[in-house]
Amino acid sequence: MLEIKSLSKTFGAGVAAYHALRSVDVTVAEGEFFTLLGPSGCGKTTLLRLIAGFEQPTGGQLVLDGQDIAAIPPSRRPVNTVFQSYALFPHMTVAQNVAFGLEARGTAPGDVARRVDEMLQLVQMDHLRDRKSAALSGGQQQRVALARALAPRPRILLLDEPLSALDLKLRKEMQAELKRLQREMGLTFIFVTHDQDEALTMSDRIAVMEGGRLQQVATPRDLYDHPANRFVAGFIGETNFLPGRAAEGQLRLDGFAPVALAEAKAVNGAVTVMIRPEHIIVGREAPDCVQTSGQIDELVFFGTDTHVKLTLPGGASLTARAQNSLHSATDLNPGQTVPLSLPYDALRILPDEAAHAV
Amino acid sequence: MLSEASNGEALLRRAETRRRWSLAMPALIVIALFSILPLAVMVVYSFLTPGTYGNVVWQFSLDGWFSVVFERDLFDDTLGLADAHLSILGRSALLALATTGLTMLFGLPTAWFIATRPVATRAYWMFLITVPFWTNLLVRTIAIQEVIRADGTINRLLLGLGVIDAPIQMMFTNGAVLLGMTYVYLPLMVLPVYAAIEKFDFRLAEAAYDLHASRFYCLRRVIFPLIRPGIVAGSILVFIPALGAYVTPRLMGGGRAMMWGNLIDLQFGQGRNWPLGAALSVSLTLLVMIALVLSVRRFAGGGRSDV
């Protein structure tokens, strides 16, 4: 179990100070696939580097199994890293790379050889064990980097955007394989990525970061269905935002009649309302929905579904997704005005930006 | 059709080859005229008979080569090894090796320091390294003399402080030659090593630390093997000219700490034995060539096996 307690990191000082991490609090559970997700510059890599020990925190604690590891140098932390650039040693063979962490620790040669064999079989690189690492393809380097980091039996494996250099097909394969390995070994993974699909498909829990702060820590499902704020809602998946006001348990979207909504009880004043494109019902009126209509501006065909870009009577734009099932009722055409239904239970009230702005 | 096409292709290729040769011609002519031709003259002269007042007599003789290694006793005409030559060769090799070692000792940290500065200030440090080249080698060597001679800066300082009673003899010793040569050849070590360290990907060092390597272990297993080509290049650049060094040993070593280059000079000057001088110089060239071929064999495959 890794407890991150009000961890901060500031580079530089005075007016030039850059706050890469602002008092982050989170606990990573044993055997969890934990993902740090956010745009570049959000602090996710800094957090990973602090856990690895490459940077010293300017405040807070890093507690691993009850011990504060912030002062321990990286060479003596029971964590290993899979680097974005892989950072394989180019003058060594695949097997020598995998053996490095064990040899550096002074493991007996016989044990090193056994563990290297085991690791190479695990990542299916046994047949290339004597190949120079520079002579490997991207996917193969990725596997070696993984085997090398796993060989010293870390308590936590850190992965710094390890799949970003691979092409899409290979990336999908490696995602599945990483997830399988993690589950089989029951090892704690802390995985950094800026790719929300990757985060959603692989993680047990995701920490969304922005501006050096944790915005939300939740399961992929929760993050998607109940984003804590506008940033998370916009970063994960596609979203429509509509302005509105909430008062006394009533939500009034601008230009519509008020709706009684349980969620609205907690807030008062200006709010942003979010609705996912796939929840909008296009072409018919449905019960328990905000009823409106929209003019179709553009249709984009995506295979399984079609993205429908619409303009509402008030001038706001909205994107909906219509499933392309065999029984789709309506034929949609650009320029056409169609009825729209926004189900009450698909509406999410987010705190207004003004109140939330950093 | 097919043969015509391949015919045209062959023609094109021949034209291309011709073009490349003609582009390389100026350089080849310079090399032939000023490098290969003088070397050939040396080789020819080494097999001739010395003239009375220097120069050579066009008469074949192996005496020049013979005298490189052997000498005939003046009185009983018995053969003996040319001890003087061999000890000078030994000293030259030792001093050149020591110079290489010392330039490495001082040059590696210097190169490391420069390569790890922010990119913007690196050019400034490199500029400082080249400052000594602005002054003639002779002037620089005499400046060192000024520092270490009997009534030079160091001795006067120590005398003034009462540390010593009589000046320390530093000039005209092997130590003085070594000091001068280390000073002169240091930049030749720093430059290639700097280039190698600058290319080193420091994320690899980070990976090594992450994989439980101590600083020393990382240096030995990761950093050193990867910058070794730069160290080898620097060593070759220092060792070869140091082996044949002339100016520095002449000024700093005087007649007592002579090196191979001074011996060659002696044969062409006072000794008036040009064939011996030529033989000595060709033998140095051969030694260097053999050493180079060996080191290239040893290190060219260096990337293949580590540790």
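All values below come from the heavy atoms of this structure, side chains included, with hydrogens, waters and symmetry mates left out. Throughout, a chain's letter reflects where its sequence line sits, starting with A, and its residues are numbered from 1. Here the structure is a predicted model, which is why all the values come from computation and not from measurement.
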- Query: Which answer fits A/Leu158, side chain, backbone, both or neither, if we ask what part of it has an atom under 4.5 Å from a heavy atom of chain B?
  - Reply: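 No part of it gets close to chain B.
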- Heavy-atom contact with chain B under 4.5 Å, split by part of A/Arg77: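 Only the backbone of A/Arg77 comes within 4.5 Å of chain B.
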What do you reckon, is [atom1] of [X] surrounded by more than 12 foreign heavy atoms closer than 6.0 Å?
X	atom1	answer
B/Arg215	CZ	no
B/Arg20	CZ	no
B/Met126	CE	yes
B/Phe133	CZ	yes
A/Met185	CE	yes
B/Arg203	CZ	no

- Task: May I ask you to decide if B/Leu226's main-chain N or O and A/His91's side chain share a donor-acceptor pair within less than 3.5 Å?
- Result: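 A pair under 3.5 Å: no.
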- Task: Please flag which part of B/Asp210 lies under 4.5 Å from any non-hydrogen atom of chain A: side chain, backbone, both or neither.
- Result: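 Both parts, heavy atoms under 4.5 Å.
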- Task: Name the region of B/Tyr217, side chain, backbone, both or neither, that has any atom closer than 4.5 Å to a heavy atom of chain A.
- Result: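 Side chain only.
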What's the shortest heavy-atom distance between [X] and [Y], and which atoms?
X	Y	value
A/Ala149	B/Leu211	CA-CD2, 4.4 Å
A/Val79	B/His212	O-CE1, 4.4 Å
A/Ser75	B/Ala213	CB-O, 3.3 Å

- Item | Side chain to side chain, A/Phe83 and B/Leu204, heavy atoms closer than 4.5 Å |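 A/Phe83 does not reach B/Leu204 side chain to side chain.
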- Message: I'd like to verify something: which residue of A/Pro73, A/Ser85, A/Ala52 has the highest number of heavy-atom pairs under 4.5 Å with chain B?
- Response: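 Answer, by heavy-atom pair count under 4.5 Å with chain B: A/Ser85.
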- Interatomic spacing from OG in B/Ser214 to CZ in A/Arg76 - rounded to 0.5 Å: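 Here the rounded value is 10.5 Å.
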- Item | Euclidean distance, A/Phe100 CZ relative to B/Arg221 CZ, rounded to 0.5 Å |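 It is 5.5 Å, given to the nearest 0.5 Å.
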